[in-house]
Amino acid sequence: MESRDWTAQPAAALAAHTLAHIRPGSVILLHDGPQVTPELLGALLTGLRERGLTPVTLNDLRPHRIGLREGWARLRGSYGG
């Protein structure tokens, strides 16, 4: 899920949009440059825990091969589509 932290939106709006589209197994992309990212990260972590989800880093996940069709579906879904 693209967090869209590179846009001019406030952290609360970005968090609400991102949390509305996540499901177990979702990967949330955050960038290390935007000023809003630290506040957004805090809001996302709180929201994930409130939903009973356990956030982990990519290093904590085992690699899993997927096919092209599933890859495209995930890509489309990551932009909220």
Side-chain angles (χ1 to χ4, degrees):
M1 176 74 218
E2 168 63 66
S3 67
R4 299 179 181 173
D5 57 353
W6 42 264
T7 67
Q9 295 181 27
L14 294 170
H17 178 267
T18 302
L19 291 168
H21 291 90
I22 59 134
R23 62 184 192 281
S26 291
V27 173
I28 301 172
L29 174 64
L30 297 170
H31 299 86
D32 62 358
Q35 288 184 328
V36 72
T37 303
E39 183 181 352
L40 173 57
L41 176 59
L44 290 172
L45 291 173
T46 298
L48 291 170
R49 290 183 181 117
E50 287 173 351
R51 288 163 174 74
L53 299 172
T54 303
V56 298
T57 64
L58 284 179
N59 289 336
D60 295 330
L61 300 176
R62 293 182 310 159
H64 175 78
R65 287 194 180 270
I66 61 172
L68 181 61
R69 187 173 304 217
E70 185 177 350
W72 276 114
R74 287 185 184 190
L75 179 63
R76 280 192 311 273
S78 73
Y79 288 93

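Counting from 1, the numbers follow the sequence of the chain as shown. Just so it is clear, the structure is predicted and the values come from calculations on it, not from any experiment.
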Original post:
Between T37 and D32, is there a donor-acceptor pair closer than 3.5 Å when you use the side chain of the first and the backbone of the second?
Top reply: no

Original post:
Is it true that L68 and I66 fall in one hydrophobic cluster, defined by side-chain heavy atoms closer than 4.5 Å?
Top reply: no

Subject >> Separation between OG1 of T54 and CG of L45, rounded to the nearest 0.5 Å >> reply: 11.0 Å

Subject >> Heavy-atom closest pair, residues L29 and E2 >> reply: CD2-OE1, 3.3 Å

Original post:
So how far is it from Q9 CD to L40 CG, rounded to the nearest 0.5 Å?
Top reply: 10.5 Å

Subject >> Enclosure of E39 CD (heavy-atom neighbours >12, cutoff 6.0 Å) >> reply: no

**OP:** Measure from the side-chain N and O atoms of D5 to the backbone N and O of L30, and report whether any donor-acceptor pair falls under 3.5 Å.
**Re:** no

Subject >> Heavy-atom side-chain contact between H17 and R4 under 4.5 Å >> reply: yes

Original post:
Taking side chain as C-beta onward, heavy atoms only, is I28 less than 4.5 Å from L48?
Top reply: yes

**OP:** Evaluate the side-chain proximity of R65 to E70: yes if any heavy-atom separation is below 4.5 Å, no if none is.
**Re:** no

Subject >> Separation between CD1 of I22 and CE of M1, rounded to the nearest 0.5 Å >> reply: 9.5 Å

Original post:
Hey, is the main chain of R23 close enough, under 3.5 Å, to the side chain of S26 for a donor-acceptor pair?
Top reply: yes

**OP:** Measure the spacing between OG1 of T18 and NE2 of H21 and express it to the nearest 0.5 Å.
**Re:** 9.0 Å

Subject >> Minimum-distance pair of heavy atoms, taken over all atoms of L53 and P24 >> reply: CD2-CG, 3.9 Å

